[in-house]
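Below is one structure, written out as structure tokens; comments come after it.
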Protein chains: 2
Amino acid sequence: MKARLDSIDWQILKELQGDGRITNVELARRVGISAPPCLRRVRALEEAGLIRGYRTLLDEKQLGYEVTAFVMVGLHNQTENDLVAFEAQVKEWPLVRESYMVSGEVDFIMRCTAKDLETFQNFIIRDVTSTKNVDHVRTALTIRRIKDEPNVPIDKPEYF
Amino acid sequence: MKARLDSIDWQILKELQGDGRITNVELARRVGISAPPCLRRVRALEEAGLIRGYRTLLDEKQLGYEVTAFVMVGLHNQTENDLVAFEAQVKEWPLVRESYMVSGEVDFIMRCTAKDLETFQNFIIRDVTSTKNVDHVRTALTIRRIKDEPNVPIDKPEYF
DNA sequence: CGCAAATAAGCAATAAACTAGCATTTTGCC
DNA sequence: GGCAAAATGCTAGTTTATTGCTTATTTGCG
């Protein structure tokens with residue numbers, strides 16, 4: 001694949017981040033090239049894995065998911081086997097929307113979505129705290145969402 | 001708009017979550033109706049705000065964003081004015097990808113992305129800790145991503 | 001239950017977009 | 001400067017999006 005991204009590639013990524021359903025024709029117009037090479041570039045970016053996928057953001061509240069919460073988990077043992085075992089468990093939990101292993105006082109941070117508080121608490125008590133090797137669990141219920149741009153800040157040169 | 005979502009609407013949302021760039025024809029085929037009513041349903045879902053938008057997920061690492069970290073901030077004062085002031089600041093910081101106000105020991109959780117560790121540390125020292133009303137700041141660098149499905153778990157009936 | 005109104009689906013036709021093939025231009029390197 | 005590789009733009013055929021209209025289905029009420 002291509003070694004380095006040129007400015008048109010960056011523009012393409014920027015536009016696609018903002019609107020993942022833009023037509024290729026419109027995308028081409030915005031970045032200043034004709035449609036065929038634009039489509040080829042997008043395909044190449046997908047092929048290279050730079051584009052991980054296309055998603056639709058939904059309004060959880062309206063869909064009946066009242067609760068969003070962060071769960072921080074610390075484990076007793078952190079051998080690679082222990083970590084992998086816990087990760088496998090995390091992947092199985094449908095309430096967990098995103099999860100990272102982190103450095104610091106806790107080992108994992110998870111963002112969870114649940115239908116209501118009861119469902120969430122059941123999840124914590126029944127599933128999380130009772131999981132093998134879990135040492136401590138701390139939860140933080142979200143009160144409101146300030147920002148949600150699951151995107152890379154492509155056009156902020158001051159941080160490049 | 002429509003009072004209640006029927007099973008076809010749910011299927012539409014589920015399919016769109018998984019692939020935000022699916023064609024309407026293919027979407028219609030998957031949910032078992034013809035293309036025009038399918039498109040009308042999607043438009044109605046957008047109109048109602050159930051669909052918040054379409055995004056493209058990028059590979060931050062490949063794009064040169066080495067660091068993803070969680071930042072937890074506690075404020076001195078939590079009057080509504082103080083909170084709104086801090087939120088306005090958060091929205092201005094391009095490194096912050098998502099942020100929630102939470103209950104518990106800290107007031108805000110932010111997921112941040114930066115080009116490198118130095119950029120991130122500068123951000124914390126120069127921007128976050130020096131912001132008015134900030135009491136304490138704790139950071140957790142992510143070591144690896146376990147899961148990233150910024151989606152609602154639509155087809156897990158056991159949690160409905 | 002049965003009718004009427006409202007709602008949604010499907011069909012057909014048109015406009016727009018996607019995409020492959022090919023000629024041309026640009027880029028990179030000797 | 002000159003060649004080879006890579007990328008672009010054009011053209012055209014196919015697929016998709018979109019709209020208007022008709023038919024079918026559902027909903028609400030007597």
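Quick note: numbers below take in every heavy atom, side chains included, and nothing from hydrogens, waters or symmetry partners. Lettering of chains follows the sequences in order, A, B, ..., and the numbering in each one begins at 1.
A salt bridge is absent between Arg126(A) and Glu118(A): the closest approach of a Lys/Arg side-chain nitrogen to an acidic carboxylate oxygen does not fall below 4.0 angstrom. A salt bridge links Glu26(B) with Arg30(B): at least one charged nitrogen is closer than 4.0 Å to a carboxylate oxygen. For Lys14(B) and Asp9(B), the salt-bridge test fails: no basic side-chain N is under 4.0 Å from an acidic carboxylate O. Of the charged side-chain nitrogens involved, none lies within less than 4.0 Å of a carboxylate oxygen, so that Glu46(A) and Arg52(A) do not count as a salt-bridged pair. Between Glu98(A) and Lys147(B) there is no salt bridge, since no side-chain nitrogen of the basic residue lies less than 4.0 Å from a carboxylate oxygen of the acidic one.
Taking atom CD1 of Ile8(B) as the reference point, atom P of dT25(D) lies 14 Å away to the nearest angstrom. The distance from atom CD of Glu26(B) to atom P of dC18(C) is 16 Å, rounded to the nearest whole Å. The distance between atom CD1 of Ile33(A) and atom C1' of dG9(D), rounded to the nearest whole Å, is 10 Å. One interatomic measurement links the two molecules: CZ of Arg41(A) to P of dA7(D), which rounds to 8 Å at whole-angstrom precision.
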Self-check item: Contact state string [nucleotides 22-28 of chain C, B base, S sugar-phosphate only, - no protein heavy atom under 4.0 Å]
Solution: -------

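Contacts of Ser34(B) with the nucleic acid, taken as non-hydrogen atoms under 4.0 Å apart, include base atoms. Among the atoms of the strands shown, only primed sugar atoms or phosphate atoms (P, OP1, OP2) are found under 4.0 Å from some heavy atom of Arg43(A).
End-to-end axis angle for the helix from dC1(C)-dG30(D) to dC30(C)-dG1(D), using five pairs per end and rounding to 10°, comes out at 50°.
Nearest to the side chain of Thr23(A), among dA20(C), dG10(C), dC18(C), sits dC18(C). When the nucleotides dG10(C), dC18(C), dA17(D) are ranked by their closest atom to the side chain of Pro37(B), dG10(C) comes out on top. Candidate nucleotides dC18(C), dA20(C), dT18(D) were compared by shortest atom distance to the side chain of Asn24(B), and dT18(D) ranks first. The Ala35(B) side chain lies nearest to dT18(D) when the options are dC18(C), dT18(D), dT19(C).
Cation-pi geometry between Arg145(A) and Tyr100(B) is not met: the NZ or CZ atom fails to fall both under 6.0 Å from the ring centre and inside 45° of the normal.
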Quiz prompt | Pair Val102(A)-Asp107(A), side-chain contact (heavy atoms from CB on, under 4.5 Å): steps then yes or no | solution = CA-CA 5 Å; Val102(A) 298; Asp107(A) 297 308; over 6 Å; no

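By the criterion of side-chain heavy atoms lying less than 4.5 angstrom apart, applied directly or through intervening Ile, Leu, Val, Met, Phe, Trp or Tyr residues, Leu83(B) is grouped together with Val90(B) in one hydrophobic cluster.
Environment of CD in Glu47(A): sparse, with no more than 12 heavy atoms of neighbouring residues, nucleotides or ligands closer than 6.0 Å.
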